[in-house]
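Sequence lines set the chain letters: A, B, ... in the order given, protein chains first and strands last, and positions in each chain run from 1.
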There are 4 protein chains.
Amino acid sequence: MRLLVQSHVASHFDAPTELMLMVEVADAPGQTIVSETLTVTPHHDLAATRIDDGRLLRGLVEGDIEVAYRALVDLAPRTEVHADLAQRDWSDLPADVLPYLMPSRFCPSDKFLRYAARQFGTLSGGAKVLAIIDWLRSNVDYLHGVSDAETTAERTFVDRAGVCRDFTHLGITLCRAGGIPARAVAAYALALDPPDFHAIMEVWLGDGWWLLDPTGLAPVRGLVRIAHGRDAADIAFMTSSGPAGPVVMTVSVIEVGSQSGGITAN
Amino acid sequence: MRLLVQSHVASHFDAPTELMLMVEVADAPGQTIVSETLTVTPHHDLAATRIDDGRLLRGLVEGDIEVAYRALVDLAPRTEVHADLAQRDWSDLPADVLPYLMPSRFCPSDKFLRYAARQFGTLSGGAKVLAIIDWLRSNVDYLHGVSDAETTAERTFVDRAGVCRDFTHLGITLCRAGGIPARAVAAYALALDPPDFHAIMEVWLGDGWWLLDPTGLAPVRGLVRIAHGRDAADIAFMTSSGPAGPVVMTVSVIEVGSQSGGITAN
Amino acid sequence: MRLLVQSHVASHFDAPTELMLMVEVADAPGQTIVSETLTVTPHHDLAATRIDDGRLLRGLVEGDIEVAYRALVDLAPRTEVHADLAQRDWSDLPADVLPYLMPSRFCPSDKFLRYAARQFGTLSGGAKVLAIIDWLRSNVDYLHGVSDAETTAERTFVDRAGVCRDFTHLGITLCRAGGIPARAVAAYALALDPPDFHAIMEVWLGDGWWLLDPTGLAPVRGLVRIAHGRDAADIAFMTSSGPAGPVVMTVSVIEVGSQSGGITAN
Amino acid sequence: MRLLVQSHVASHFDAPTELMLMVEVADAPGQTIVSETLTVTPHHDLAATRIDDGRLLRGLVEGDIEVAYRALVDLAPRTEVHADLAQRDWSDLPADVLPYLMPSRFCPSDKFLRYAARQFGTLSGGAKVLAIIDWLRSNVDYLHGVSDAETTAERTFVDRAGVCRDFTHLGITLCRAGGIPARAVAAYALALDPPDFHAIMEVWLGDGWWLLDPTGLAPVRGLVRIAHGRDAADIAFMTSSGPAGPVVMTVSVIEVGSQSGGITAN
C-alpha cells in the first residue's frame, strides 16, 4: 500500500529555545520512503539525528517556525497480533528489548503486577495481549478532555477514559506487568478521524515486535511509524526547552495508487 | 587505585522464576578488570548479556541460589564535577544522551520544571549541578525506613529523607528539569559504611559523563561502575519475575596495593 | 445480644507526647453499655471528651502506658442494608450528613465520579450499595502486607488487595462518587478472626445510617460501634503527636448470655 | 467597617441536577448582617440550611439559574495573628477543633510531618504560623493556570505556584503537620483584585480561631466569612451532582460609610 503522509506544525518562540521535532517517517523495516520533502519556514538551522530508526530534528529557534513535511511511503503488508504468538522467557529476549519490560514515567507497571496477575494471569503471549486490548476497549472510553500531558496509566485506570496516548500507556503498562515487553510508537495513521499524530504501541512476541492500536481507531495495515520509546515522553512530535506559543498542527494520510507517479495533493 | 570488590547474593525461589542479576563490574572506560570470578551455587544455567557497558546475568532459576562475585579492578583517577563545566545545548548532545533528559518512572522531571527554574535557574552547567548537590545535602536527610521500592523523587522532595537511591532520584530529577542529562549508576563504593550496592548518578557536562555521589557518603575516586540506566528500575542488582525468598547480601570493597600479587581477603 | 468486649493497648513514649485514644464503646442508639471499666496503668492524667457519640481519651503521656478496657454491651437487632432502600436527594439529607458526600484524605471520591457512573450508574440506593459491596468482595483480595497507613482508596483500586481499612475506604469512595453519603466506623466485631479493631462503613439510605462490613468478615449483628468519621484519619484507636514505641494490642469480643450476671472472662 | 458585598452566579443545567450553593454571608461572631437580599431567577425551589455558622442553599434545579446576593455587613475590628499566641496542647483543644488537626482530601498533612518538623520545628504557636505564612509568600508564586480542582497541597509544594485555594491548602497542611489546627474559609474580601470568592484559612491559637490570608492579597480586616470546612471540598460556592454549563460569576466588595443609609451601588 502506498500512502501520502503530510504534516504541518507551526508555533512561535518569544525567546531562543531548544526545539526537538519528530515528524519524519522512520527508516524502519516494512516501510519504504519513496520520496519526501521537509520545509522549514523561515529558515532555522535544524540538525537531523538518527535515534534508533527514528529521525530527530533539533536546533535553537526563535520567532515563528513552520515545519511542513510530506512523504510518499510504501507499506508492506503487516500481520496482526494473533493469539498463538509465544511469550518469550526473559532469558530469551534480545538485550535491547529488556528496557521495555521496565516501568517508565507514564507506565508504572510495577504497581500493576497484582492486577495483571489477577485479571490476565491465566493467559500468555498473544492471547494475553489480545485480552488486554479487549479489556481496554470494553473498559476505557475514548474521550477528549479527561487527560492531560501528565496523565499516567494509573490515572487512566481510575478515569476509564482518555485519548490514544492514554490507551497506549495503559496497554503498555498491563503488558509489562504481565511480563511482555511493550513500547510506545508515534505514527501517521490512515483513516484516523480526525487526523492527528497517533500514539500506538507494540509488543515483543515470538521473535519480533507486533504493532497494534489499542484504541482500535486506525487499521494496523495503514500505520506509518515515526519513532518509538518507553512512553510518550520519548516520542513527542515536539519538545521544547521553554514555552511555545500556540501550536497549530495538521496531519493528513491519503492512500494513493502505488503506480501513480503524479501526486498532486499538497 | 586497585580495588578488590566482592559481593554475595543469596535467595530462594519456590517456583521456576526468571531472574536477572547485575553484580559484575562494568567494562567501562576508566576501570580495568584485572581478574574476576563468578560462582553460582548450586549450578544454574545463567547467560551473560552485555547491556551498554554493563553485564547482565539471567536465567530461569528454582530453589536456592547463591551468587558470589569477586573482581580486582584498577581505577584510573577520576576528576570531580567542577563549576566551570559547560552545559550543552540540546542540539549539541550526542543522540544516545538525549533519553536522559526525559522523565522516567522514579524521576518525574516534568513536574519539577518550575521548581528547578525558580531555585537553580540563574545557574548553568557544573555550577548548577553543584548547587543541586549542595541543596540535596542540606535539605534531605540520609535515613533508612522512610522510602521503599516505589518511592519517587517527588515523594522524596516532600519527605526530605531517604537512602542513596532517593538522593540519586531527586538529584537526577532536578538536573533533568534544569536541562542537564542525568542518569542513575549502580556501583561498588570504597569506604561506604555500611557497605552495600550503591546508587549514584552521573551528569552530561562538557563532552562527557561526570560521576558523583549525591549522598556524599563515598568518595568519587573509589566508585566502581556496575551499570547505568534511567533510574533504579534499570539498574537493580536483582530483578525477578516472581516472589523471591529473603535476599541475603553482602558487599565489600577493599583498597589493595596495585603491586600486591597476593590478595588474601575472601 | 449481649457481648463482652475487651481491649488492651500498651505502648511506650520516650518523650512527653500528646496521646489520643478511642477504645471505648460509643454511646450510640442500638447499643446499651451495661457496665464498663477502663484502667490506665501506670496512672496518666487522661481526660474523656465526647465527639459525636464516640468517646475520646487524651492527655500528655510519657513512659509506659497500658490501657485496659472492658465493657458489657447489649446490642439491639440490626437490620442489614437491603436493595429497596431509597437514595435521598441531596436536598433531603440532614445537614450533618452532607460532609459524608465529600472526598476525604483516604477517600478521593471526586476522582471516581466517572467510574461510579460507568459501573454502578444504572442503580440507586440500597441496590447500588449492595452492588458496590459485591464488586469489592469479587475484585479485592483480603490480604495483609499490601497496604500501609498512607494507602488511599485510589491505590487499593489499583492493588486490588488490602485489609478492612482499605475495603472500607474503597467502599466509601465508590458510594460517595455514586451520590450516597458514606462514612468510616471503628468497631469491635464478634467473630472477627483474628480479633482486632475493625474498620467498617455505614451509608445513609432512607432515613438513617446503615452499618455494613465491606470485607464480609464479621456479621453486622455483632458489630459494636466505637466512633465514626470521614475516614481512618478520624477514627484511629491511637493517635500520638510523636513517635510511639511498639504498640501491643489485643482485642476480644465474646457473646455472653444476656441473663448471665457472672461474667468470668478476663 | 461597613461593607457592601454582592455576588451573581449564573449557570445552566440541561438535566435535573442537585445543586448546593454557599454565597450568603455567615452568621458568625464579628460580622453583623445589617440587611441582605437573595434573588433566584427564574424561580427554583431552594431550601436554606445552616451548617455551623454558614448557610447552604440547595435544591433540584434544571435549565437556567441566576443567583444574585447582596448584603450590607458590619465588621468588627479583627486582630491579626501575632507571634506570641500560644499553641495549645491537643488535650486542651475543644472537641470540635480536633478534626482540623487531621489530614483531608487536599491537605495531606500526614505526609508533611517530617518537613514541618525540619523547617518549622523550633517554633510554636503564632510564631510558627507566621513563619509558615512567610515561607508561603517567599516560596510560592501566585499564578493562574498551574493548578486545577484536583490540586493537592502536596502538588503545590512541588509546583511552587497556585491561586488562593492552593496557598490555603498548603498553609493548612503545614500548620496541621506542625500540630496546629487549621481550616479553610470561604470569604468575600475587600480590595481583592480581581474580585472573586476568596479562599483563606484560620488557625486555632490561644483560645480561638485566627483568620489570615496566606496569599497576602486581601487585608484581614476586610474579610467577610461565608463558610468554613476542612478544605476546599467543604466550602465550594457551588457544588452540583451533574454537569453544569459555563458558570458566570461576579463578586464585588465595597466599603461604605457605616452611617450611610442610601447605598446606590448595584
Side-chain donor/acceptor of B/R160 to backbone N/O of D/Y115, under 3.5 Å: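 Checking the backbone N and O of D/Y115 against the side chain of B/R160, no donor-acceptor pair under 3.5 Å is found.
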Minimal non-hydrogen separation, D/R114 against B/A161, with atom names: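 Looking at all heavy atoms of both residues, the shortest contact is NH2-CB, 3.1 Å.
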Nearest non-hydrogen partners of B/V140 and D/R118, listed with the distance: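 Closest pair (atom of B/V140, atom of D/R118, distance): N-NH2, 3.7 Å.
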Top residue by heavy-atom pair count (under 4.5 Å) with chain D, among B/Q119, B/E154, B/R155?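 The option with the most such pairs is B/R155.
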Tell me which of these, D/L113, D/D141, D/D159, has more heavy-atom pairs under 4.5 Å with chain B than the rest.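 That would be D/D141.
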